[in-house]
Protein chains: 2
Amino acid sequence: MNKIDDTSWSRDAIAADLERAIHEHRLPPGTKLGEDDLAEAYGISRTIVRAALLALSHRHLVQLRRNRGAFVAQPTPREAREVFEARSLLEPRTAHSAALRMTEADLALLNANIRDEHAALDAGENGRALLLSGQFHLEVARIADQTTIEAVISELISRSSLIIALYWRRRAALCETQAHHALLDAFARKDGAAAEELMKNHLLDLVASLDLRNVAPPPASLREALQR
Amino acid sequence: MNKIDDTSWSRDAIAADLERAIHEHRLPPGTKLGEDDLAEAYGISRTIVRAALLALSHRHLVQLRRNRGAFVAQPTPREAREVFEARSLLEPRTAHSAALRMTEADLALLNANIRDEHAALDAGENGRALLLSGQFHLEVARIADQTTIEAVISELISRSSLIIALYWRRRAALCETQAHHALLDAFARKDGAAAEELMKNHLLDLVASLDLRNVAPPPASLREALQR
DNA sequence: GGGCGCAAAGTTGTATACAATACTGTCCCG
DNA sequence: CGGGACAGTATTGTATACAACTTTGCGCCC
C-alpha cells in the first residue's frame, strides 16, 4: 500500500527492498512478514513474495518457519559472535588489498559515504546512518576487487545490522565515523598494513560495544507474539 | 524416473540431492536442469523444483538465466581464484581452532573419512572421493564449532568441486590424501599452528594444481549447446 | 541457393485455486 | 471458575492453469 506499484516488482527487487528496510531497522527483528501483506503491498502475487523471502532466508535475514510464516531473523548471541568472527577473518585482509588498489575516485566515494553518514546522524536518521556505515565496509570489499568475498561480507554486514538492533549497548556513534575516517587516511596513504590493523580493531570495537550475555532470547518468542 | 518417489521430496531434500550430484560430478558444469524433467524425476510439481533451483543459485552452484532455465554453474577462472582466496582466509584459522578443540571422536571421524576417500579412489569412484575430500574440510569447520563460517565454507567447497571439474590439470590424487593425513597428525597433537600452516599450504597446492589461464570459456556456451 | 521472417513447439514466469496446517475464540464439562 | 476440546478463521504449502518468452523449423522472397 505504501509501495509504488507503477512498475511490477521483480523477485530480486523485492528482496533488495526488504533487505534495505531490515538493514535500516524499519523492520525490527521478529517482525512477521506475511505473504498476503507483502503481495498486496508490492502489487503482485504471493509467488514472487515467496521467492523473495526464500532468498532472504538464505542470507539469514529472514527465518522461515514451516506453516508459520516468515519473520525477520533474530540472531542469537552465539550467532552474533560468529558473524563478527567471520568478518574479522575476511575484512582486515580485504582492507589491506583495497588500500593497495585505491584510486582517487574510490577515495572520493568513501569520503562522500562518511559525509553522508555524518549528515544522517545529525538529522537523527539512525537507520540510514547504519545503512551507510555498512555500505562503507561493502565498498571496501568492492575496491579490493574480490567479488566472492564481497558477496559474503555483504551478507555478514546485513546480519550485523540485526545484531546491532538486538544487542547494541550504548550509542557510540562518534566512534563509528572516527574509525572510518582513520581507515580512509590509511587508504589515502595506500598503507595496507595500517588499514588491515585499523579494520581489525574497528571490528573488535564493534563487538565490544555489544551486550552478548546469554540472556538473549527475551525478544525471541515473547516479542514475536506481541509483534503481530 | 531414477529417483525414489516413495516419499515426497521437500525443497531442501531436492536441493541437497542435486548439490551432491553436482559435487560428485554426476552433473557436470553447464548441464541444463529443466524444471519439467526434475519435477518428473522427483515426482513433484515444478513449484518445489523452482524453489530448490533458486536455493542452489544462491549458493552459486546453479546459474539461472531468465526465460532460459537453470544450468549447473561454470565458474570463470577469476571466480575460481576468488573462491580459493576466500577459503585461504577462512580455513587455516578455522583449522587452528579445530585443532585446539579436537576430541578422540572427532579424530576417529576424520580418520574414517580419509580411509573412505582412499577406498573410493581405489575403486575408481572419483566423484565420491571428491565428495569425501570436501566433507573432510567441512568436518574441520564443524569441529571448530563455527556454524556461520561452516556455512560459508560449505558453499565454497561445493563451488570448488565445480572449479576442479573445469580446471583440474593433472590427477594428484595422492597429494590429496597425503595433505589430509598430515593435517590429521597435527590435529592429533592439538598443534594449532601446524594445522593452520598445513591447511594454508594445502589450499595453495590445490590452486597450483589448476589451470586457470584465461582461455576458460570454451565449455561456456559451446558445451551448453551440445549438452542438451 | 542463401537469408529473412513467421509460425509452431517447448520452456519458463506468474497468478490463482485448492489443500493442509496452525491459530483463535467459544462452548461444554468437570 | 478453570481447563480442554472443538470449530471457525486465517495463513502457508502445493499443484495447476495460463501467459510470456525463447527457440526451432519451415517456407517464402530476393
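Chain letters run A, B, ... following the sequence lines, proteins first and then strands; every chain starts at 1.
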B/S/- along nucleotides 12-21 of chain D (protein heavy atoms under 4.0 Å) is BBBBB----S

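- B:L64 places its CG atom 16 Å from the C1' atom of D:dT22, with the value rounded to the nearest Å.
- Under the 4.5 Å side-chain criterion, counting only non-hydrogen atoms from C-beta, A:I157 is in contact with A:R87.
- For residues 143-164 of chain B, no pair satisfies ring pair (Phe, Tyr, Trp, His ring centres under 6.0 Å), with sequence neighbours left out.
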Applying side-chain contact (heavy atoms from CB on, under 4.5 Å) to A:Q135 and A:L132, what does each step give before you reach the verdict? CA-CA 5 Å; A:Q135 283 180 351; A:L132 286 164; 3.5 Å; yes

The test is side-chain contact (heavy atoms from CB on, under 4.5 Å); show your working for B:S158 and B:H23 and say whether it passes. CA-CA 6 Å; B:S158 289; B:H23 201 149; 3.9 Å; yes

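- Aromatic ring orientation, B:H180 versus B:F136: parallel (interplanar angle below 30°, classes split at 30° and 60°).
- Environment of CZ in A:R142: crowded, with over 12 heavy atoms of neighbouring residues, nucleotides or ligands closer than 6.0 Å.
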Go through it in stages, so that I can follow the logic: the residues are A:S154 and A:R59, the test is side chain to side chain donor-acceptor pair (under 3.5 Å), and I'd like the CA-CA distance, side-chain angles, deciding distance and then a yes or no. CA-CA 9 Å; A:S154 172; A:R59 306 199 87 202; 2.9 Å; yes

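- Remark on the helix from C:dG1-D:dC30 to C:dG30-D:dC1: inter-end axis angle 0°, axes from five-pair C1' superpositions, rounded to 10°.
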For B:R159 and B:E79, what are the C-alpha separation, side-chain angles and deciding distance, and is it a salt bridge (charged side-chain N to carboxylate O under 4.0 Å, His left out)? CA-CA 9 Å; B:R159 293 170 77 176; B:E79 186 180 339; 2.8 Å; yes

